Every structure is written in structure tokens, then in C-alpha cells.
Amino acid sequence: TNSPTCLTSSFKAACAVAALDPNMEVCSFDVTSAFCQGSPVAGRIRYARAPVGMRTYDENGVELVLVLGAPLYGEPDAPLVWNNTFSEFVCGSPAPNGSLDAGLGMCRSDADPSLFYKRFGDGTQLTILPHVDDAIVMYNCSAAVAKSHEDALQKRFDMSFNQGVPDYFLGLNLTHSTSSGEISLSCQTYIRTMADQFLTKPLDSYPSAHTPACSDRLPKLFEEARSTAKNRTIDAKLQKEYRSLVGSLQYAASTVRSDVLYTVGLLGRALTFPTPELYDAAMRVLVYLARHENYALRYSSSAPNASTLWAWTDSDWSVMWSTTGVVLMLAGAAILCVSRRQHCITLSSTEAELMAMSAGSVDIVYMRTLLGDLGLPQQNIAKALKPTPLRCDNKGAKDLSHDRSTSSRSRHIDRRWFFVRELQHNSVVEVIAVPTADNISDLMTKVLNRRDFEKFTSIVMNLPTSSIAQLVLSFIT
């Protein structure tokens, strides 16, 4: 879409930053008929046929058309016009006398063009994260300054402001506790909607599911379905239902429920050749989500090293195409998770891990830029930029990220995968080797047994009352 839509990772990062600042206030606004408030492009005339009930022909039988003074919903470029109109006002320069009627004077983030921020002389900041006609506003500036910007927006656009943290945004449930310095994100409402749509019997009648997938079954089911796809007829009804179910699961997995991200991603690779067994596996994921619907990403200012960005990467070399796993954490919980199939066949686990590290490095560069725009640059006590710890569990990949020498086993590797080496040389990342048992990005690359799954899920989501999470978090302090 061409509408102003902030990235989900940007929204989660902003929530983490807000949790770290006890003075941060959060509110929201809703624009009424946003597309119709877009400013028409100069020199371009829009025409439309008259609606039913209006005169459509003149006395000579010539069809009458309407000249539109503003974009309408359904026009191909209406979202882009609204985006440009909103951005031009938000980023426009204020009047010389300080009036905000001509523009708010905000900056557009280089990391996310749909995130706008304004930094004041006292170090405070105001941030707007729009999503089409809705937006979250976060600020730690004075109430008077925030009110002046709110009044300017309401004067320019027909909108309504809602004070306090919204209960629901982008399909996510939000809770904000300023006393404890916590912001929680869940998709409880979305999961309940999925359960009502796809579950054909009461939840209690389904078998128990402590994990989203059986560790020794799902990969085999996928490989069997892929290898036999050309020799069997695909059931059209099954394919439609399977696509609908997996597509619904993907939104929950890609936003908050990173504990099912790998499983849903693996199921998504079989959209063109589903089997009844894979459909049952997708139903198991839904049952797991419905029984753990209260799981939430919990950003807390009391988490160890809460203001430091942490990164983990991993890959799974047990299949033909390895899977890249990346986890970035801030304020105790994940703000970005990636589980993505690598697009080439690697010749060793070291090469696969190096590819995962380079992919994670790209996400680190993006997130460091975004956090700087959100007012949380990754600096040390001396205000100098500090590298982001990047943890992997492969010593060979770690050595290649440091050493510029080559060998017969690594000279074939494309130089694009050595991007992490340049970032480490420039002190943007610091590659650190960790034992596999402590690499939480394993959650993004393979189906785990129950013990490891619950341990890593507790860490990634910062679930409360988790002694296992506190034990493993001690490795990053």
C-alpha cells in the first residue's frame, strides 16, 4: 500500500523505548475519512460517473460526469495522495512566528519513512507512528508543547485524539503501566477471532499442545509433501482452507507471537502442495495459540541492560535450503524476529551461519538507525557509539567475521556475506560466540523439544515469573 504505514518492528521498538522512559506519554488519533482529506495533485483533474439516483445524461443525450474536488476511496492513488498530504504537513516548516499552522517541522526517519519525530532543545521528543488513518503518538515533552501539536493537527485535518494508551492498535492488544515501567503487546483478540473461525469444536476437545509442532514429525511431513507434489492431485478445497488458515496464522506469528514464527513459516512453504497432515499441523498451531493466548511481549525498564540492543543469529543446516534466524531484543523482549529460508544451498554449516550473521547485521543497521531517531542511540557512558553484541553459536563463522584471510573452504563464499566483517571493523557490531544451548535464535530455525522451546520462548517474550528466563538472561549481563 502507498498509505503511511509504520513497520511492525518500528512500532515494537517505539513501545520498548517508551517503556524505558518513565516520562513518556502515549496517546492515539483517528483521522475521519482520511483518503478524502488528501490534497488533489495540482494540474490533475479527476472525473467520476454520477452515482445511482443522480442525473446521468443532459438534454442532448451526452453522458454527464462529475469533477472530483478530493480523492475518493477506491481510487488507485488515493492512499498515495493521503500519504503525501499528511507527510507534507507533518514535515512542513513552521511559520517564522512559531505558528504550527503551516507545518509541524518534524523529521522523517531514514529507517522507516512512516515514522516522524521532532526533537526539542531540552532533549525531549515527540514521535508519530501512523498506520493509514490511525496513529500512535509518543512524547516526553511538556504537556503544553504536545497540546500545541495536537491542536495544529486537528486544525488541519478532521480527526479525533484519544488520550491514554489505546487498547487495540494494528490488531494488537496494548497495556501500559507507568508505575512498573512496562508495556505489553499481545494478539489475544486476533487469536480469539481465528479460533472462532477455524475451530470446529470446543477448544477443550482438542489434544493438548504444549508446543506449536511435534519436533520429529513436522519437518518430515513437509519433505514428504514437497517430494510427492508432482505425483498427486492437489485437493482444491483443502488448498483453499489451508491457505486461509496459514495466512491467518502468519499475521500473529510476524507481529507478536514469534514462538510460532518458524513453524508457521515452514507451513507457509507448502501453500501450493498441502496435505491433510499439514492441515492438521496448522490446526495444532492454532490450538496452541488459543491455549496460550495471553502470551505477550513484555517490555520492561527493569530488564537487565534494558537500553542495550542485543542480537542473536542462527541457521539450520540439516535441510537443503538452510533457514536464517535473527532475534533483536530491547527492554527485555524481542523487537524484531526473522525466520527466513536462505536462497542458495550452502556447502557447510559455517557458510550458512555466516549468511545468517550478515542478514542479522542488516537488521542491526536498520534498528540502530531507528533507535537513534527514537531518541535512544546506542552509546556508552562517554556518549560514543558502542557496537551491538551479535551472538552466534558457530566458531568458524565468528572467525570469518574477524579474519580477512581465506582458505579453500571459504574462498567460494560471495563477498556480500562478509558485510558483517565490515560492520565489525567499523565498531557497529561485535560478534560473540555462545554455546548452542544459550542461542535463543534457535527458536527461529528449527522445531525444538518442549524444554528448550519453553526456555527460549520465555526469554524472547520476557514472560513473567520465569526462573529459566532469568537464568539464561544472566549470560547477557
Side-chain angles (χ1 to χ4, degrees), residues 4-29 86-94 98-100 102-131 134-154 156 159 161-166 169-170 174 176-178 181-183 185 299-301 306-309 328 330-331 335-336 366-381 383-386 388:
T5 53
C6 66
L7 299 173
T8 306
S9 55
S10 300
F11 173 64
K12 290 190 288 187
C15 289
V17 172
L20 294 173
D21 189 347
N23 298 318
M24 188 72 71
E25 299 291 338
V26 183
C27 63
S28 64
F29 65 76
F86 180 80
S87 302
E88 288 172 3
F89 176 75
V90 170
C91 297
S93 300
S99 172
L100 301 177
L104 300 184
M106 303 186 73
C107 299
R108 187 194 297 265
S109 171
D110 292 330
D112 186 346
S114 291
L115 185 147
F116 304 92
Y117 67 95
K118 185 175 184 179
R119 201 161 292 140
F120 303 98
D122 58 356
T124 59
Q125 182 167 321
L126 184 146
T127 305
I128 299 178
L129 297 96
H131 183 80
D134 299 314
I136 291 287
V137 181
M138 300 180 177
Y139 61 90
N140 56 4
C141 56
S142 65
V145 172
K147 187 66 168 62
S148 65
H149 287 73
E150 174 184 334
D151 293 341
L153 281 169
Q154 289 184 311
R156 175 62 179 83
M159 63 170 58
F161 264 83
N162 306 302
Q163 298 301 322
V165 179
F169 185 71
L170 295 181
L174 285 77
H176 184 199
S177 174
T178 54
E182 291 184 3
I183 291 182
L185 300 178
Y299 301 109
S300 174
S301 59
S307 60
T308 299
L309 177 66
L328 301 187
L330 185 73
I335 55 177
L336 187 148
Y366 147 70
M367 190 55 66
R368 286 173 65 94
T369 303
L370 182 71
L371 292 178
D373 295 338
L374 290 172
L376 188 67
Q378 295 299 289
Q379 297 175 337
N380 56 24
I381 299 178
K383 299 298 182 181
L385 292 178
K386 62 180 179 181
T388 296

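These values consider heavy atoms only, across backbone and side chains, with no hydrogens, waters or symmetry-generated copies. Just so we're clear, the structure is a prediction, and the values are computed from it rather than from any experiment.
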Rounded at 0.5 Å granularity, tell me how far [atom1] in [X] sits from [atom2] in [Y].
{"X": "I183", "Y": "M138", "atom1": "CD1", "atom2": "CE", "result": "5.5 Å"}
{"X": "M106", "Y": "L100", "atom1": "CE", "atom2": "CG", "result": "10.5 Å"}
{"X": "S142", "Y": "N23", "atom1": "OG", "atom2": "CG", "result": "12.0 Å"}
{"X": "T369", "Y": "D110", "atom1": "OG1", "atom2": "CG", "result": "7.0 Å"}
{"X": "C27", "Y": "Y139", "atom1": "SG", "atom2": "OH", "result": "5.0 Å"}
{"X": "I136", "Y": "F29", "atom1": "CD1", "atom2": "CZ", "result": "9.5 Å"}

Minimum side-chain heavy-atom gap [X]-[Y] below 4.5 Å:
{"X": "L370", "Y": "L7", "answer": "no"}
{"X": "L104", "Y": "L126", "answer": "no"}
{"X": "L374", "Y": "L115", "answer": "yes"}
{"X": "D134", "Y": "S28", "answer": "no"}
{"X": "V17", "Y": "Y299", "answer": "no"}
{"X": "Q378", "Y": "M367", "answer": "no"}
{"X": "H176", "Y": "C15", "answer": "no"}

F169 vs F11 aromatic rings, parallel, tilted or perpendicular, using cut-offs 30° and 60°? tilted
In terms of relative ring orientation, are F120 and H149 parallel, tilted or perpendicular, with 30° and 60° separating the classes?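 Judged by the thresholds at 30° and 60°, the geometry between F120 and H149 is perpendicular.
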Over all heavy atoms of both residues, which pair between [X] and [Y] is shortest? Give the atoms and the distance, please.
{"X": "A19", "Y": "S301", "value": "O-CB, 3.5 Å"}
{"X": "M159", "Y": "L153", "value": "SD-CB, 3.8 Å"}
{"X": "G105", "Y": "P94", "value": "CA-CD, 3.8 Å"}
{"X": "A152", "Y": "F89", "value": "O-CZ, 3.6 Å"}
{"X": "S300", "Y": "A306", "value": "O-CB, 3.8 Å"}
{"X": "S307", "Y": "L20", "value": "CA-CD1, 3.9 Å"}

Quick one, L185 with L174, criterion side chain to side chain contact (heavy atoms under 4.5 Å, CB included). Give me CA distance, side-chain angles, the key distance, then yes/no. CA-CA 5 Å; L185 300 178; L174 285 77; 3.5 Å; yes
When you measure from the side chain of D112 to the backbone N and O of S10, does any donor-acceptor pair fall under 3.5 Å?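 Flag not set: sc D112 to bb S10 has no pair under 3.5 Å.
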Answer yes or no: is there a donor N or O on one side and an acceptor on the other, between the side chain of S114 and the main chain of P4, under 3.5 Å? no
Side chain to side chain contact (heavy atoms under 4.5 Å, CB included) assessment of T388 paired with L328: CA-CA 10 Å; T388 296; L328 301 187; 5.9 Å; no
Are L371 and L330 close enough, and set up right, to give a side chain to side chain contact (heavy atoms under 4.5 Å, CB included), and what steps lead you there? CA-CA 10 Å; L371 292 178; L330 185 73; 3.7 Å; yes
Which residues pass the side-chain hydrogen bond (donor to acceptor under 3.5 Å, both in side chains) test with N162, not counting sequence neighbours?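 If we apply the side-chain hydrogen bond (donor to acceptor under 3.5 Å, both in side chains) test to N162, skipping adjacent residues, there are no hits.
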Q125: which residues meet the side-chain hydrogen bond (donor to acceptor under 3.5 Å, both in side chains) condition with it, sequence neighbours left out?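 With sequence neighbours excluded, Q125 shows a side-chain hydrogen bond (donor to acceptor under 3.5 Å, both in side chains) to R119, T127, given in chain and number order.
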Yes or no on side chain to side chain contact (heavy atoms under 4.5 Å, CB included) for L376 and D21, after CA distance, side-chain angles and deciding distance? CA-CA 10 Å; L376 188 67; D21 189 347; over 6 Å; no
